[in-house]
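Working notes, beginning with the structure itself.
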Protein chains: 2
Amino acid sequence: MQAIRTAMAAMHQRSEAIPPVSPAVESLVRQVIAQVADKWTMLVLEALEEHGTLRFTEVGRMVGGISQKMLTKTLREMERDGLVVRTVHPVIPPHVDYTLTELGRELSAAFCGVWTWAETYYAEVSAARKAFREREGGA
Amino acid sequence: MQAIRTAMAAMHQRSEAIPPVSPAVESLVRQVIAQVADKWTMLVLEALEEHGTLRFTEVGRMVGGISQKMLTKTLREMERDGLVVRTVHPVIPPHVDYTLTELGRELSAAFCGVWTWAETYYAEVSAARKAFREREGGA
DNA sequence: TCCGACACTCTCCTTTTGGTGCGTATGGCA
DNA sequence: TGCCATACGCACCAAAAGGAGAGTGTCGGA
């Protein structure tokens with residue numbers, strides 16, 4: 001069934017779906033979106049937005065339920081993408097601070113709408129899931 | 001290093017980081033966010049918002065670069081969560097339509113800010129990545 | 001004296017994600 | 001007669017995500 005893929009690719013190259021922006025920009029935007037539309041990124045963003053500068057373990061506490069591995073990775077990626085600044089204080093028990101950049105704060109503001117949506121409609125999503133289960137799943 | 005995890009869990013249970021909302025709601029909201037903050041979900045949402053009602057292959061074309069498996073899965077989850085309506089026309093070459101619900105349109109609107117952010121700042125993200133590479137990576 | 005704390009890194013392991021390709025039902029078209 | 005198109009489900013497989021736990025280096029406190 002690669003016919004569908006071929007058709008997709010062809011259509012995509014001809015960019016029928018996206019007339020206003022160039023394919024290159026589209027691709028970059030999608031890359032950024034895919035990177036940024038991540039659960040942990042969103043959560044860390046929220047934590048830093050709400051509490052300002054935090055150190056490693058504090059971010060972990062605020063986010064809750066994240067492993068150090070994922071925390072390190074997420075923070076590194078956010079630093080790479082210019083969303084946070086990482087400040088290392090070369091003292092003997094290590095001390096590292098993380099702060100949102102302007103870019104990070106902007107993104108946080110943009111995600112605010114999604115948070116609001118989730119808080120506003122999570123009950124409806126639950127209801128929809130229940131209805132779906134009863135319609136297709138259990139019955 | 002499960003000390004950190006234990007501390008996190010304890011803190012989280014005591015919900016020091018999230019005073020305004022109850023932990024149960026928080027958990028649900030996070031679940032919804034995690035579900036919805038997905039690359040394909042965002043892309044499908046965009047496609048349906050922009051083009052209205054589409055059928056399976058059309059969604060695939062609009063999104064671009066998605067396999068049928070992921071398309072099916074994403075669409076099913078969105079249907080389950082009440083974001084799209086799936087209408088099956090029982091004709092012999094199968095015909096299935098997908099349309100956003102009001103909930104879906106609201107979410108799409110909420111994500112609009114993130115899209116705008118990405119379009120506005122993708123160049124800065126690229127620059128930040130380049131700088132980071134030069135700082136830590138290659139040099 | 002010896003453990004804990006910080007901010008990681010590294011290894012091992014399981015789970016999830018995602019791709020490819022095959023099957024399917026059948027009316028319409030060649 | 002026989003192949004195509006639609007919207008999938010299913011099986012198999014590779015790759016990536018993600019968690020658990022151990023190691024690190026030094027210093028201050030018990």
Side-chain angles (χ1 to χ4, degrees), chain A residues 1-9 11 30-31 34-44 53-80 84-99 136-137, chain B residues 1-12 30-31 34-44 48 53-80 84-99 136:
Chain A
M1 185 70 65
Q2 69 281 52
I4 218 180
R5 302 275 299 108
T6 311
M8 278 181 201
M11 292 271 190
R30 280 180 190 221
Q31 219 184 103
Q35 193 69 241
V36 132
D38 166 66
K39 184 192 168 192
W40 296 129
T41 303
M42 285 187 64
L43 262 8
V44 169
T53 298
L54 293 174
R55 43 199 302 195
F56 185 80
T57 43
E58 287 174 337
V59 177
R61 272 203 299 272
M62 297 308 160
V63 168
I66 188 173
S67 64
Q68 333 87 293
K69 182 182 170 180
M70 276 301 103
L71 187 51
T72 303
K73 197 187 156 211
T74 305
L75 250 9
R76 276 282 192 288
E77 286 174 354
M78 291 175 74
E79 189 198 359
R80 187 198 49 165
V84 298
V85 203
R86 181 164 169 269
T87 314
V88 182
H89 304 274
V91 290
I92 292 306
H95 186 126
V96 183
D97 284 330
Y98 294 93
T99 317
E136 327 245 332
Chain B
M1 183 70 63
Q2 70 281 52
I4 219 181
R5 303 272 299 110
T6 311
M8 279 180 197
M11 293 274 190
H12 192 224
R30 279 178 189 222
Q31 219 183 103
Q35 193 69 243
V36 133
D38 167 66
K39 183 191 168 191
W40 296 129
T41 304
M42 285 188 64
L43 262 7
V44 169
L48 286 174
T53 298
L54 293 174
R55 43 197 303 195
F56 186 79
T57 42
E58 287 174 337
V59 177
R61 271 202 300 273
M62 297 309 160
V63 169
I66 188 173
S67 67
Q68 333 87 293
K69 183 182 170 180
M70 277 299 105
L71 188 51
T72 305
K73 196 187 157 210
T74 305
L75 251 9
R76 276 282 191 287
E77 286 175 354
M78 291 176 74
E79 188 199 0
R80 189 197 49 165
V84 299
V85 203
R86 181 163 169 269
T87 314
V88 182
H89 305 275
V91 290
I92 292 306
H95 186 125
V96 183
D97 285 330
Y98 295 92
T99 317
E136 328 244 332

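All of these numbers come straight from a predicted model, not from anything done at the bench. Every chain is numbered from 1 and lettered A, B, ... according to where its sequence line falls, protein lines coming before strand lines.
Here dG19(D) presents its P atom at 7 Å from CD1 of I66(A), a figure rounded to the nearest Å. Rounded to whole Å, the distance from CG on L54(A) to P on dA7(C) is 11 Å. Atom CE of M70(A) is separated from atom P of dA20(D) by 12 Å (rounded to the nearest Å).
Contact check, S67(A) against dA20(D): no side-chain N or O comes under 4.0 Å of OP1 or OP2. Checking the phosphate oxygens (OP1, OP2) of dA7(D), a side-chain nitrogen or oxygen of R55(B) falls inside 4.0 Å. Between R76(A) and dA7(C) there is no side-chain N or O to OP1 or OP2 distance below 4.0 Å. Taking only side-chain nitrogens and oxygens, T57(A) never comes nearer than 4.0 Å to OP1 or OP2 of dA5(C).
In this pair, F56(B) and Y98(B) present their aromatic rings tilted. The plane angle is within the 30 to 60° band.
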Mind running side-chain contact (heavy atoms from CB on, under 4.5 Å) on L71(A) and V44(A) for me, showing each step along the way? CA-CA 8 Å; L71(A) 187 51; V44(A) 169; 4.3 Å; yes

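Residues forming a salt bridge (Lys or Arg N to Asp or Glu O under 4.0 Å) with E77(B) (at least two apart in sequence, or on another chain): none.
Summarising the geometry, atom CD belonging to E79(A) is positioned 9.0 Å from atom OG1 belonging to T87(A); distances are rounded to the nearest 0.5 Å.
Within residues 90-98 of chain A, the residues approaching DNA chain D are I92(A), P94(A), by heavy-atom distance under 4.0 Å.
Of the candidate nucleotides dT20(C), dG18(D), dA7(C), dT20(C) has the atom nearest to the side chain of K69(B). Taking the side chain of K73(A) as heavy atoms from C-beta on, and the options dG9(D), dG19(D), dA17(D), the nearest nucleotide is dA17(D).
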